[in-house]
Amino acid sequence: MSIEAEALLQEAKESIEAAQNYRSELQQRLHGLSQARKQVRGSASQTREALQRHFQELQTAVSRLLTERLNTLLQEVDNIELDSVSPLDDCQKLIEHGVSTADELLREGEAAIRCGINEKEDKLGSFTKKALQIQLDSLPEVPVLVDVPCLSAQLDDSLLHMFRAHVARHGSVASHPPVQIEELVERPGGVLVRWCKVDDDFTPQDYRLQYRRGNSSQYEDAYIGKDPEFLVLHLDPHIDYLFRVCARGEGRTEWSPWSIPQTGYTTLAPHEWLPGVDGYILSSRKNIAMRNDSSPGSGGVLYSNSPTYFCGQTLTFKITAAGQTDKRDSLGVCADSRTDTDSLQRDQAVCISTNGAVFVNGKEMTNQLPAITVGSSVTFDMEVVNLFPVSNNNNPSDGGNFKLRVTIGSGNREVVFDWLLDQVVDSLFFGCSFTHPGWKVLVF
């Protein structure tokens, strides 16, 4: 094959490969469009159902309230009518009795006048006596109309106007949630979730974060508060989790729509303390250690179960209970898990004491952090600075000096320094030592 033919063949192969890549990219974009269309139609359907359900419930509730109010007013009318008509009925009975008595008296009088001469005097005397007993000049009092109740309904048309105004402002449809998840960062045994506000007109008062396993349908609350990030712990490694966040606007009671769920996971095993160390009791998850009084005044270092801390991560110690302080107390990171020492204030380790002193390879620094007490959080961040020439053949495993840039934070202060190790390490142990009982520390 000639050189020109080979060049054409190579160009054709490159064009085919470019076309395959182009087709693959287009197919990915078609998939993205399909997902976007599914999200729009799915969310629109859910929104319709939510609106219909809400307004149906609202309509039922309003109808029930109106019916209850109508029944209350009708009952009030019945009560007033009954109370007002009852004395009128009594008065009517009295008058009707008087009319009946007068009719009877009239008949007797007319009969006395028509009777014969022999009986007339007796009957007229009896009639006159009976008329005097009836007291024909005594009449019952009948109330005038102005003193008798005249019922009417007082109905304020402003309720309808007010109701119409409230209904016109009730509810809204948002094309985008006001907050969205910005970043998911894996942490040992957990995921750090960060979110941000995407609606400039929305002023958040509180945030609410929820999560669920990928194969579950039920979300559970992870955090409610004002911070725009939260570390969700106790997650199983290599398992997908879905996270979503919403917010409550300033001065409002209802929560905003949920953000678009984001999938996150961690490949890092959770930090755990080493079980079985004399002087320390561990929680069921082994991430909380408490110094007990089995060996007061003495004791060794409690290390991690394995070297699970890697450069580029943030290691946090949270003090949940405190005991008596001692200058040998320490919290920190080390290259090994030596058992021949009672503190991390030694070679191949960096730590902070409970009084705030910082030690690097056993030497105390001039910079000092706030003293550690209940509620204190101490963080360690490390990054590789550079690797010095370590041996004649430049093989790191042959030994030498390895430099890490360390940042220790406590309270609102932090110290930054370089830590020299005599060999390259891929991962590090963490540890703590407390001379006196009562200390309780959570690591994550």
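These numbers come from a predicted model, not from an experiment.
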- Message: One pair to check against salt bridge (Lys or Arg N to Asp or Glu O under 4.0 Å): Glu25 and Arg29. What are the steps and the verdict?
- Response: CA-CA 6 Å; Glu25 291 290 338; Arg29 281 162 173 75; 2.8 Å; yes

- Message: Could you walk me through whether Cys91 and Asp89 satisfy the side chain to side chain contact (heavy atoms under 4.5 Å, CB included) test, starting with their C-alpha distance in whole Å, then the side-chain angles of each, then the deciding distance to 0.1 Å, before giving a yes or no?
- Response: CA-CA 5 Å; Cys91 184; Asp89 290 341; over 6 Å; no

- Message: Run the side chain to side chain contact (heavy atoms under 4.5 Å, CB included) test on Asp418 and Val385 for me, step by step, so that the C-alpha distance in whole Å, both residues' side-chain angles and the decisive distance to 0.1 Å come before the verdict.
- Response: CA-CA 8 Å; Asp418 289 340; Val385 177; 4.0 Å; yes

- Task: Might you work through the side chain to side chain donor-acceptor pair (under 3.5 Å) test for Gln154 and Ser152, ending with a clear yes or no?
- Result: CA-CA 7 Å; Gln154 304 298 313; Ser152 62; 3.1 Å; yes

- Under the side chain to side chain donor-acceptor pair (under 3.5 Å) criterion, do Asp329 and Thr354 qualify, and how do the steps go? CA-CA 6 Å; Asp329 296 340; Thr354 50; 3.2 Å; yes

- Arg208 vs Arg248, side chain to side chain contact (heavy atoms under 4.5 Å, CB included): CA-CA, chis, key distance, verdict: CA-CA 8 Å; Arg208 182 181 183 184; Arg248 183 161 47 202; over 6 Å; no

- Item | Intermediate values then yes/no, side chain to side chain contact (heavy atoms under 4.5 Å, CB included), Glu183 and Leu192 | CA-CA 8 Å; Glu183 187 180 18; Leu192 176 63; over 6 Å; no

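Using modelled atom types and a 3.5 Å distance limit, the side chains of Glu186 and Thr267 yield a donor-acceptor pair. Judged purely by distance below 3.5 Å, without hydrogens or angles, the side chains of Thr67 and Asn71 never pair a donor atom with an acceptor atom. A side-chain donor-acceptor contact under 3.5 Å links Ser330 and Ser433. Side chains of Glu96 and Gln92: a donor-acceptor N/O pair is present below 3.5 angstrom, by distance only. Defined by atom type and a distance below 3.5 Å, a donor-acceptor pair is present between the side-chain atoms of Gln75 and Asn79.
Contact check for Val232 versus Val193: side-chain heavy atoms found under the 4.5 Å cut-off. Two residues are said to be in side-chain contact when any heavy atoms from C-beta on lie closer than 4.5 Å; Val415 and Thr407 fail this criterion. Between Leu235 and Val191, the closest side-chain pair of non-hydrogen atoms falls below 4.5 Å. Side-chain contact between Phe359 and Leu344 is absent, with no heavy-atom pair separated by less than 4.5 Å. Here the side chains of Cys196 and Val198 are in contact, with some heavy-atom distance below 4.5 Å. The shortest distance between side-chain heavy atoms of Ile239 and Arg213 falls below 4.5 Å. Looking at Leu51 and Val173, their side chains come closer than 4.5 Å, going by heavy atoms from C-beta outward. The shortest side-chain heavy-atom distance between Thr320 and Val441 does not fall under the 4.5 Å cut-off.
One finds no salt bridge joining Asp381 and Arg405 here, because no Lys/Arg side-chain nitrogen approaches an Asp/Glu carboxylate oxygen to under 4.0 Å. Salt bridge absent: Lys13 and Glu17 never bring a charged side-chain N and a carboxylate O closer than 4.0 Å. Between Asp336 and Arg346 there is a salt bridge, with a side-chain nitrogen of the basic residue lying less than 4.0 Å from a carboxylate oxygen of the acidic one. Arg328 and Asp342 are joined by a salt bridge, as a carboxylate oxygen and a charged side-chain nitrogen come within less than 4.0 angstrom of each other.
Here the side chain of Ser24 pairs no donor or acceptor atom with the backbone of Gln20 at under 3.5 angstrom. In this structure, the side chain of Asn361 engages the main chain of Gln348 through a donor-acceptor pair within 3.5 Å. Judged by distance alone, the side chain of Thr72 and the main-chain N or O of Glu68 form a donor-acceptor pair under 3.5 Å. Of the possible donor and acceptor atoms, none in the side chain of Ser306 sits under 3.5 Å from a partner among the backbone N and O of Thr308. Side-chain atoms of Ser45 do not come within 3.5 Å of backbone N or O of Arg41 as any donor-acceptor pair. Without hydrogens or angle criteria, Ser216 side chain to Arg212 main chain gives no donor-acceptor distance under 3.5 Å. Here the side chain of Tyr280 pairs no donor or acceptor atom with the backbone of Leu274 at under 3.5 angstrom. Between the side chain of Ser259 and the backbone N or O of Gln180, no donor-acceptor pair lies under 3.5 Å. Side-chain N or O atoms of Lys226 include one that pairs as donor or acceptor with a backbone N or O of Gln205 at under 3.5 Å. The backbone N or O of Ala247 lies less than 3.5 Å from no partner atom in the side chain of Asp206, so there is not a single donor-acceptor pair.
Because its NZ or CZ atom is not both nearer than 6.0 Å to the ring centre of Phe444 and within 45° of the ring axis, Arg187 does not count as a cation-pi partner of that residue. With Trp439 as the aromatic partner, Arg291 does not meet the cation-pi criteria of under 6.0 angstrom to the ring centre and within 45 degrees of the ring axis.
Side-chain rings of His170 and His54 approach one another, their centers coming within less than 6.0 Å. For an aromatic pair to be called close, the ring centres must be under 6.0 Å apart, and Trp195 with Phe243 fails this. The aromatic ring centres of Tyr265 and His238 sit 6.0 Å or more apart.
The neighbour count for Arg194 CZ, taken as heavy atoms of other residues, nucleotides or ligands under 6.0 Å away, is above 12. The local environment of CG in Asn215 is crowded, with over 12 non-hydrogen atoms from other residues, nucleotides or ligands closer than 6.0 Å. Heavy atoms of other residues, nucleotides or ligands lying less than 6.0 angstrom from CZ of Phe55 number more than 12. Atom NE2 of His234 is surrounded by more than 12 heavy atoms from other residues, nucleotides or ligands within 6.0 Å. Open room surrounds CG on Leu145; 12 or fewer heavy atoms of other groups in view lie less than 6.0 Å from it.
The distance from atom CG of Leu58 to atom CZ of Arg53, rounded to the nearest 0.5 Å, is 13.5 Å. Between Leu242 atom CG and Gln210 atom CD the span is 11.5 Å, to the nearest 0.5 Å. Leu151 contributes atom CG, which lies 9.0 Å from atom CD of Glu76 (distance to the nearest 0.5 angstrom). In this structure, the separation between NZ on Lys363 and CD on Gln345 is 14.5 Å, given to the nearest 0.5 Å.
In this structure, Cys351 and Ile408 approach most closely via the heavy-atom pair O-CD1, 4.5 Å. Closest approach of Tyr309 to Phe380, counting heavy atoms only: OH-O, 3.5 Å. Here the closest non-hydrogen pair linking Val333 and Phe429 is CG1-O, 3.2 Å. Here the closest heavy-atom approach between residue Cys311 and residue Glu383 is recorded as CB-CA, 4.4 Å. Closest of all the heavy-atom pairs between Trp419 and Ala335 is CH2-N, 4.3 Å. The shortest heavy-atom contact between Leu268 and Pro237 is O-CG, 4.0 Å.
The only option from Leu233, Leu315, Asn305 that meets the side chain to side chain contact (heavy atoms under 4.5 Å, CB included) definition with His271 turns out to be Leu315. Among Tyr211, Tyr207, Phe230, the single residue meeting the ring-ring contact (aromatic ring centres under 6.0 Å, His included) criterion with Tyr223 is Phe230.
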